[in-house]
Amino acid sequence: MSQCNLGEPWRVQMNADIAAAAKEHPEIEVIFKDAQNDTLKQRAHVEELASAKVDVLFVSPKEAQPLTEPIGKAFDAGIPVLVLDRAVLGERYTTFIGADNKKIGRAAGEWIKKVLGGKGKVVELKGLMTSTPGQDRSAGFREAIAGSEIEIAFEADMKWLEPEARKEMDSALARLPKIDLVYAHNDPGAHGAYLAARAAGREKEMKFVGIDALPHEGVSYVEQGILDATFQYPTGGREAVETALRILKGEPVPKTITLGSRRFTKEDVKKGGEIIE
Ligand code: FRU
C-alpha cells in the first residue's frame with residue numbers, strides 16, 4: 001500500500017480501514033509505505049513494491065500525472081493495481097475505488113446556493129489542483145452555482161493542508177470586507193479558515209463548509225458549530241481489501257467502484273446525515 005502521506009487524519013483512517021479489513025484475513029499481509037507528501041518518494045515506493053512483485057498493489061497517489069507512469073508500468077508487468085481516492089491519467093490500472101468528487105462538489109454547491117439564498121460572496125479554498133479530487137470538487141461546485149448570483153470572491157490552492165488554508169484565509173480576510181461563506185475542499189482546510197476568521201474576530205460573519213466528515217474531525221466540527229456542513233468522503237479501505245481478495249481468487253472485478261457520500265449539517269448530524277443522490 002503506497003500512501004501519499006500520513007500527515008492528514010483522513011489518510012491515517014484509510015490505512016486503519018485497510019489494516020482492520022486485512023486483519024480478518026490472516027492469509028494476507030499488508031506492507032504500508034508513507035511517501036510523506038513527496039511525489040518523488042511515492043514514485044520510488046511504487047517502483048519498489050512492483051519490483052518486489054507484490055500480489056496486489058494499492059496506491060493512493062498524491063498527484064495524477066507523475067504517478068501515472070510507475071503505476072502503468074506495474075500494471076503492464078502483470079501486477080493488479082488498485083488506485084484509491086485520487087485518480088491517475090489513462091486506464092493502465094486494474095480498478096479505481098473512490099467517491100464521485102464531482103458529485104460531492106455539485107452537492108456542496110447546491111446546498112450553498114440554498115443557504116445563501118442564491119447570492120453572496122464565497123471564498124473557495126481548493127485542494128491540490130494537480131490531484132483529481134481538487135479538480136473535481138471545484139468543477140462540480142462551479143457547475144452547481146453557475147447562473148446564480150454567488151460570486152467566488154477569492155480562490156486559492158491550499159494543497160489540502162490546514163496551515164496553508166489558514167494562511168490563504170488571512171489574505172482573503174485582508175482583501176474582502178464581507179465574506180458570506182468559505183467552501184474548502186476538505187475539513188482541515190475549512191477548520192484552518194475558521195481559525196483565521198476567529199483570530200480576526202470575524203468567524204460569525206460567515207459560514208464554513210468542508211469535505212471528509214470523519215467522525216472525530218468534520219462531523220465533530222459540525223456538532224460543535226464550527227462548520228455548517230461537511231460532505232462525507234469515504235476512504236474505501238475496506239472495499240480495497242475486498243477487491244484484492246476477489247482478484248486473488250481469480251474473480252473478475254469492475255474497472256471503477258464508486259463509493260457513496262452523505263451530507264452532515266446541524267439539522268441532520270444526529271441522525272447520521274443525509275444521503276447524497
Ligand atoms: C487527505 C485528503 C482528504 C481529501 C483527500 C482527497 O490527504 O486531503 O482530506 O478528502 O485527501 O484526495
Side-chain angles (χ1 to χ4, degrees), residues 1-18 32-39 41-42 45 58-67 71 82-89 96-108 124-141 156-166 168 182-194 208-222 227 229-237 239-240 257-264 276:
M1 165 64 194
S2 160
Q3 182 59 271
C4 59
N5 78 73
L6 280 179
E8 292 161 70
W10 188 85
R11 301 209 167 266
V12 173
Q13 188 61 49
M14 187 202 273
N15 277 15
D17 290 346
I18 291 171
F32 289 97
K33 297 276 180 192
D34 168 16
Q36 298 170 314
N37 225 15
D38 177 338
T39 293
K41 200 176 268 177
Q42 188 167 31
H45 284 161
F58 294 172
V59 188
S60 192
K62 178 179 177 191
E63 296 174 286
Q65 199 273 335
L67 268 308
I71 286 175
L82 306 189
V83 178
L84 311 181
D85 121 75
R86 298 186 189 172
V88 288
L89 311 177
F96 173 78
I97 303 177
D100 182 340
N101 283 297
K102 210 156 187 195
K103 188 166 162 182
I104 294 175
R106 229 183 277 129
E124 184 184 13
L125 296 176
K126 302 176 194 169
L128 187 68
M129 289 304 274
T130 48
S131 70
T132 54
Q135 297 159 3
D136 292 345
R137 289 174 194 183
S138 189
F141 169 66
D157 190 335
M158 51 80 179
K159 308 185 181 79
W160 304 118
L161 304 172
E162 174 156 344
E164 287 282 330
R166 194 172 171 163
E168 295 296 351
V182 178
Y183 166 52
H185 289 185
N186 67 359
D187 291 335
H191 189 245
Y194 169 83
F208 298 89
V209 176
I211 295 171
D212 278 346
L214 290 177
H216 53 282
E217 194 192 40
V219 171
S220 154
Y221 292 154
V222 170
L227 298 190
T230 178
F231 292 76
Q232 182 201 22
Y233 190 54
T235 69
E239 291 80 359
I257 297 176
T258 307
L259 308 171
S261 174
R262 306 177 81 88
R263 186 194 67 214
F264 293 86
I276 289 170

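Numbers here simply count residues along the sequence, with the first being 1. Order of appearance sets the numbers: ligands from 1, and atoms from 1 within every ligand.
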Pair Arg11 + Asp85: basic N to acidic O under 4.0 Å:
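Answer for the salt bridge query: yes.
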| field | Contact (N/O only, under 3.5 Å) between Tyr233 and ligand 1 | value | no
- Query: Backbone or side chain, does any N or O of Trp10 fall under 3.5 Å from an N or O of ligand 1?
  - Reply: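 Looking only at distances, the answer is no, because the N/O contact criterion of under 3.5 Å is not met.
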Go through the side-chain N and O atoms of [X] and [Y] and say whether any donor and acceptor fall under 3.5 Å apart.
| X | Y | result |
| --- | --- | --- |
| Gln3 | Lys33 | no |
| Gln42 | Ser2 | yes |
| Asn101 | Tyr233 | yes |
| Ser131 | Glu63 | no |
| Glu124 | His185 | yes |

The answer for which part of Gln3 has a heavy atom under 4.0 Å from ligand 1 is neither
| Nearest protein heavy-atom contact for atom 4 (C) of ligand 1: which residue, which atom, what distance? |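 Atom 4 (C) of ligand 1 sits closest to the protein heavy atom Asp212 OD1, 3.5 Å.
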**Heavy atom of the protein closest to atom 2 (C) of ligand 1 (residue, atom name, distance)** =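 Nearest protein contact, heavy atoms only, for atom 2 (C) of ligand 1 is Glu8 OE1, 3.4 Å.
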* Asked: Quick one: does Asp85 get a heavy atom under 4.0 Å from ligand 1?
  -> yes
Query - Non-hydrogen atom of Glu217 closer than 4.0 Å to ligand 1 - result: no
